[in-house]
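Worksheet: one structure, shown below.
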Amino acid sequence: MGMNYFHQLLCRSSRWERASATQIVPWALKGLDLGDNALEVGPGYGANVATLRTRVPALTGLEIDPALAARLRTRKSDQLRVIEGDATAMPLPDTEFSSVVSFTMLHHVPTPALQDDLFAEAFRVLRPGGVFAGSDGLDRPTFRLIHLGDTCVPVPPATMTARLTRAGFTDVEVHSAATYFRFRARRPA
């Protein structure tokens, strides 16, 4: 989904990769076992790839932007399998993954209905007992400023439990911090 030039610079910076690797991903996934085969939805520039690879032996990235998917293939193909596609209609088989993760990308899905489609697709591609987890930004003035001209549809954390439950998930947990919220849910075994 669309990102303005400043946002693109931020997301491909080493500063963002460090912040994601040392703060966002560890906080979002604290105490979770991702199993043996994870799917990252919307890996973008690949900021989370190295950190995720320390947690899971096989990693796939599903990226909607053709240029970013090509960039990932060029720069990170030794660390993940890259699939170009839409997370609201994943070109992936049922029950392939032990975990599905997404970090700071849900707000780039253009409508709440399509966000719900993404949740349903995450459920579909998860194995029974698999976990769906991640984080996203809270709707704050600075968050909106970074996203001027972007596709930006913030996900209210207060709605996540009901939305993930409707998609079929159980054991839903949502926790907000200063600028982000994290979520985790499980596909019943």
Side-chain angles (χ1 to χ4, degrees), residues 1-35 37-87 90 92 97-110 115 118 122 131-140 142-155 157 175-184:
M1 308 296 167
M3 288 195 300
N4 67 44
Y5 183 69
F6 171 75
H7 196 177
Q8 290 174 34
L9 289 176
L10 174 67
C11 289
R12 68 179 178 229
S13 71
S14 59
R15 180 179 175 207
W16 175 251
E17 190 166 342
R18 269 191 314 279
S20 190
T22 61
Q23 298 168 24
I24 296 170
V25 173
W27 175 70
L29 300 181
K30 185 177 181 181
L32 287 180
D33 179 0
L34 298 181
N37 189 15
L39 170 67
E40 183 181 11
V41 177
Y45 291 95
N48 306 314
V49 172
T51 301
L52 289 171
R53 286 291 300 174
T54 67
R55 301 179 66 110
V56 65
L59 179 63
T60 298
L62 177 65
E63 178 56 53
I64 194 170
D65 184 303
L68 290 178
R71 186 179 196 270
L72 284 167
R73 280 189 199 97
T74 299
R75 296 177 181 224
K76 308 271 184 180
S77 64
D78 60 328
Q79 299 173 60
L80 84 160
R81 172 178 69 142
V82 178
I83 306 289
E84 186 180 321
D86 185 341
M90 295 183 190
L92 298 163
F97 298 97
S98 56
S99 56
V100 175
V101 295
S102 77
F103 302 98
T104 62
M105 64 71 60
L106 293 174
H107 61 275
H108 287 292
V109 179
Q115 292 167 352
L118 184 152
V131 66
F132 177 41
S135 65
D136 208 41
L138 294 172
D139 192 5
R140 304 272 195 255
T142 52
F143 183 78
R144 290 288 184 159
L145 185 61
I146 291 168
H147 292 85
L148 281 177
D150 283 9
T151 298
C152 184
V153 180
V155 177
H175 177 76
S176 294
T179 56
Y180 292 95
F181 72 93
R182 74 178 180 205
F183 63 91
R184 32 185 86 187

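We're numbering straight along the sequence, starting at 1.
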Flag the pair [X] / [Y] as yes when at least one side-chain heavy-atom distance between them is below 4.5 Å, and no otherwise.
| X | Y | result |
| --- | --- | --- |
| Ser99 | Leu39 | no |
| Leu72 | Pro43 | yes |
| Tyr180 | Ile24 | yes |
| Asp65 | Glu84 | no |

Just wondering, are more than 12 heavy atoms of other shown residues or ligands nearer than 6.0 Å to CZ in Arg75? no
Once rounded to the nearest 0.5 Å, what's the spacing between atom [atom1] of [X] and atom [atom2] of [Y]?
| X | Y | atom1 | atom2 | value |
| --- | --- | --- | --- | --- |
| Gln115 | Ser102 | CD | OG | 10.0 Å |
| Arg184 | Lys30 | CZ | NZ | 9.0 Å |
| Trp27 | Phe103 | CH2 | CZ | 11.0 Å |

Non-hydrogen atoms of [X] and [Y] that approach each other most closely:
| X | Y | answer |
| --- | --- | --- |
| Ala69 | Val82 | O-CG1, 3.7 Å |
| His107 | Thr104 | CE1-O, 3.2 Å |
| Gly137 | Phe181 | O-CE2, 4.0 Å |
| Ala87 | Val41 | CB-CG1, 3.3 Å |
| Leu92 | Phe97 | CD1-CE1, 3.9 Å |
| Ser135 | Phe183 | N-CE2, 3.6 Å |

Identify the residue among Ile64, Asp86, Leu118 that makes a side-chain contact (heavy atoms from CB on, under 4.5 Å) with Val109. Leu118
Kindly determine whether Arg71 and Lys76 satisfy side-chain contact (heavy atoms from CB on, under 4.5 Å), including the steps that lead there. CA-CA 8 Å; Arg71 186 179 196 270; Lys76 308 271 184 180; over 6 Å; no
I'd like to know if the side chain of Glu63 reaches the main chain of Gly44, judged simply by a donor and an acceptor atom lying under 3.5 Å from each other, with no hydrogens or angles considered. yes
Ignoring hydrogens and angles, write down the donor-acceptor pairs under 3.5 Å from the side chains of residues 47-62, residues two or more places apart or on other chains.
{"unit_1": "Asn48", "atom_1": "OD1", "unit_2": "Ser20", "atom_2": "OG", "d": "2.2"}
{"unit_1": "Asn48", "atom_1": "ND2", "unit_2": "Glu40", "atom_2": "OE2", "d": "2.9"}
{"unit_1": "Arg53", "atom_1": "NE", "unit_2": "Gln79", "atom_2": "O", "d": "3.3"}
{"unit_1": "Arg53", "atom_1": "NH1", "unit_2": "Pro57", "atom_2": "O", "d": "2.3"}
{"unit_1": "Thr54", "atom_1": "OG1", "unit_2": "Thr51", "atom_2": "O", "d": "2.6"}
{"unit_1": "Arg55", "atom_1": "NH2", "unit_2": "Leu29", "atom_2": "O", "d": "3.0"}
{"unit_1": "Arg55", "atom_1": "NH2", "unit_2": "Leu32", "atom_2": "O", "d": "2.9"}
{"unit_1": "Thr60", "atom_1": "OG1", "unit_2": "Arg81", "atom_2": "NE", "d": "3.1"}
{"unit_1": "Thr60", "atom_1": "OG1", "unit_2": "Arg81", "atom_2": "NH2", "d": "3.1"}

